[in-house]
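The structure under discussion appears below in the form of structure tokens.
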Amino acid sequence: MMTAATATDEPTTHPTEGAALVDAVLGWYAEHARDLPWRAPGAGAWAVLVSEVMLQQTPVARVEPAWRAWMARWPTPADLAAARPAEVLRAWDRLGYPRRALRLQECARAIVAEHDGEVPADEAALLALPGIGAYTAAAVAAFAHGRRAVVLDTNVRRVLGRALEGRALPAPSLGRAERDRAAAYLPADAATSVRWNVGLMELGALVCTARAPRCDACPLLDACAWHAAGKPADEHAGRRRTQAWHGTDRQVRGRIMAHLRHHRQEWAAGEDLLVAGADGADPAALPDPGQPARALASLVGDGLVVADTGAHAGRFRLP
DNA sequence: AACACGGGGTA
DNA sequence: TACCCAGTGTT
């Protein structure tokens, strides 16, 4: 696949500088790679895909036990496709963003229906699956199938941004110029490109971290533009917004989902869910009394909660 | 381009 | 307390 950059004011490849960076990253990765289960030689494409979806915004430490239990229970796409969504959501537990769990099951069903139960290797085919975006499509193509792909997650963007451009942190949004630059540095050999991708991610996770980078342990120290410039501050600092959590609709949604995951009965009374969302207090006494009901309605809208429309209206359950 | 979307660990 | 984390889908 041709992924050449089209910028006219810069070369599209960086053979000398790029080769030195690649050697440094590959050498470091060979020495320091973590022994994660989805990297084991026997891990199949489905195992890799499941790990990548779980790792979307959830740290490795919390994903690992959930991934082991998940793969033991549903070792193939067909197994997950046949599961009850309520059990899928319970197994997802507290990994966060539970819509990912539903999309992962939709993804499994699409793989069964459209790809004979086999995880596709083509990046475009992967991108068409539910819950698979640009990052995950590239990651599965590379790590599950050994394909050459431009894998750009937050770690890779930070490492390349620092080493090549001297930026403390990547821009809030990924632009074409940044993607072209990453493509220009991707090794031509497929097997090498896979190790480059995973090596950059590992370097970003263990050494070139966002908060307190351990530059003394970095294999790219001598080549790093950010370090050479004296590690200037993040130029986008003023425009980044931290997401609120306490008192938000998201927190209330989480409480309702937690209640339903642990509820023994099939159906739960809406009143119980509203109280659960209000953290045990009377919803009417909240600063925003309508919040629990609004959160519950949004969960129903997302398909994470089902409302009984029959004779027992006012009762809810997991789908 | 901006938003909404969980939850917990760490400095 | 504030920030961060192997992003995705919608508006």
Side-chain angles (χ1 to χ4, degrees), chain A residues 29 33-34 36-39 47-67 89 92-104 106-107 126-144 149-160 168-176 194 197-206 208-214 233-234 236-237 239-261 277 294-295 297-299 301-305:
Chain A
Y29 182 74
R34 287 171 293 182
L36 301 173
W38 45 86
R39 288 179 183 166
V48 172
L49 189 154
V50 171
S51 78
E52 292 297 345
V53 171
M54 287 184 170
L55 287 163
Q56 292 166 0
Q57 301 286 283
T58 303
V60 167
R62 283 201 290 146
V63 163
E64 187 164 349
W67 180 89
L89 288 168
W92 193 258
D93 195 38
R94 291 177 294 177
L95 290 179
Y97 296 122
R99 294 186 297 193
R100 287 185 292 162
L102 292 185
R103 292 202 190 107
L104 181 55
E106 294 169 16
C107 178
L126 287 162
L127 193 56
L129 294 170
I132 307 296
Y135 161 75
T136 306
V140 171
F143 306 142
V150 180
V151 178
L152 273 180
D153 76 328
T154 187
N155 286 310
V156 175
R157 294 187 63 209
R158 184 176 58 251
V159 174
L160 293 181
L169 294 173
S173 60
L174 172 59
R176 201 205 66 175
V194 171
N197 282 323
V198 71
L200 282 178
M201 291 175 63
E202 195 77 337
L203 190 59
L206 299 181
C208 193
T209 57
R211 196 78 70 86
R214 300 170 46 226
D234 172 28
H236 300 97
R239 302 186 58 251
R240 298 183 198 277
R241 270 186 320 215
T242 175
Q243 336 183 58
W245 171 244
H246 292 285
T248 61
D249 284 12
R250 285 200 299 173
Q251 184 182 38
V252 173
R253 283 167 54 104
R255 287 177 180 148
I256 292 172
M257 288 299 292
H259 181 87
L260 284 171
R261 283 199 305 269
R294 188 170 65 244
S298 76
L299 289 170
D302 286 344
L304 289 163
V305 173

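Just so it is clear: chains get the letters A, B, ... in the order the sequence lines come, proteins before strands, and each one is counted from 1. The figures that follow rest on heavy atoms only: side chains count, while hydrogens, waters and symmetry mates do not.
Remark on DNA chain C: of its neighbouring residues Ile132(A) and Asn155(A), the 5'-side contact belongs to Asn155(A), judged by nearest-heavy-atom nucleotide. Taking the nucleotide of DNA chain B with the nearest heavy atom to each of Ser173(A) and Ala258(A), the more 5' of the two is matched to Ser173(A).
As a whole-Å value, the separation of Leu102(A) CG from dC5(B) P is 15 Å. Residue Arg253(A) contributes atom CZ, which lies 13 Å from atom C1' of dG7(B) at whole-angstrom precision. We find that CZ of Arg100(A) is positioned 16 Å from P of dT10(C), with the value rounded to whole Å. Rounded to a whole Å, the CZ atom of Arg214(A) is 15 Å from the C1' atom of dA11(B). The separation between Leu206(A) atom CG and dT10(B) atom C1' is 15 Å, rounded to whole Å. Rounded to an integer number of Å, the gap from CG of Asp153(A) to C1' of dT8(C) is 14 Å. In this structure, Leu95(A) atom CG and dT8(C) atom P are separated by 16 Å, rounded to whole Å. A straight line from CG of Leu36(A) to C1' of dA6(C) spans 11 Å, rounded to a whole angstrom.
Here Ala139(A) lies out of heavy-atom contact (under 4.0 Å) with every strand. Using a 4.0 Å heavy-atom criterion, one finds that Gly133(A) contacts the sugar-phosphate atoms exclusively. Heavy atoms of Trp38(A) sit under 4.0 angstrom from at least one base atom. Thr136(A) comes within 4.0 angstrom of the backbone, heavy atoms only, and of no base. Across all strands, Ala61(A) comes closer than 4.0 Å to no nucleic acid atom at all (heavy-atom distances). Pro172(A) comes within 4.0 angstrom of nothing in the nucleic acid, heavy atoms only. Using a 4.0 Å heavy-atom cutoff across all strands shown, Arg157(A) reaches no nucleic acid atom at all. At a threshold of 4.0 angstrom between heavy atoms, the contacts of Arg240(A) with the nucleic acid are absent. Looking at heavy-atom distances under 4.0 Å, Thr154(A) makes contact with sugar-phosphate atoms alone, never a base.
Side-chain atoms of Arg99(A) do not come within 3.5 Å of backbone N or O of Gly131(A) as any donor-acceptor pair. When atom types are taken as modelled, the side chain of Arg39(A) and the backbone of Arg34(A) share a donor-acceptor pair closer than 3.5 angstrom. At distances below 3.5 Å, not a single donor-acceptor pair connects side-chain atoms of Asp249(A) with backbone N or O atoms of Arg294(A). No donor-acceptor pair closer than 3.5 Å links the side chain of Arg261(A) to the backbone N or O of Arg94(A).
Contact annotation: Arg99(A) side-chain N/O to dG7(C) OP1/OP2 distance is not under 4.0 Å.
Put simply, the side chain of Met201(A) does not reach to within 4.5 Å of the side chain of Tyr29(A), judged on heavy atoms. Inter-residue side-chain proximity for Val53(A) and Ile132(A) is flagged as met; some heavy-atom pair is nearer than 4.5 Å. At least one side-chain heavy atom of Met257(A) sits less than 4.5 Å from a side-chain heavy atom of Leu299(A).
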Under the criterion side-chain contact (heavy atoms from CB on, under 4.5 Å), I'd like the reasoning laid out for Val151(A) against Val194(A): C-alpha separation, chi angles, the key distance, then a yes or no. CA-CA 9 Å; Val151(A) 178; Val194(A) 171; over 6 Å; no

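When the P atom is compared between dG8(B) and dT8(C), the two are found 23 Å apart, to the nearest whole Å. Look at the C1' atom in both dG6(B) and dC5(C): the space between them is 12 Å, to the nearest Å. Comparing the P positions of dA11(B) and dA6(C) gives an interatomic distance of 14 Å, to the nearest angstrom.
Shown are Glu52(A), Arg157(A), Gln56(A); of these, the side-chain hydrogen bond (donor to acceptor under 3.5 Å, both in side chains) with Tyr135(A) is made only by Glu52(A).
If you check distances only, the side chain of Arg211(A) does reach the base of dC3(C) with a donor-acceptor pair under 3.5 Å. Side-chain N/O atoms of Arg250(A) and base N/O atoms of dG6(B) include a donor-acceptor pair closer than 3.5 Å.
Within residues 50-60 of chain A, the residues approaching DNA chain C are Glu52(A), Leu55(A), Gln56(A), Gln57(A), Pro59(A), by heavy-atom distance under 4.0 Å.
Each of dA6(C), dC5(B), dG7(B) was ranked by its minimum atom distance to the side chain of Arg94(A); first place goes to dG7(B).
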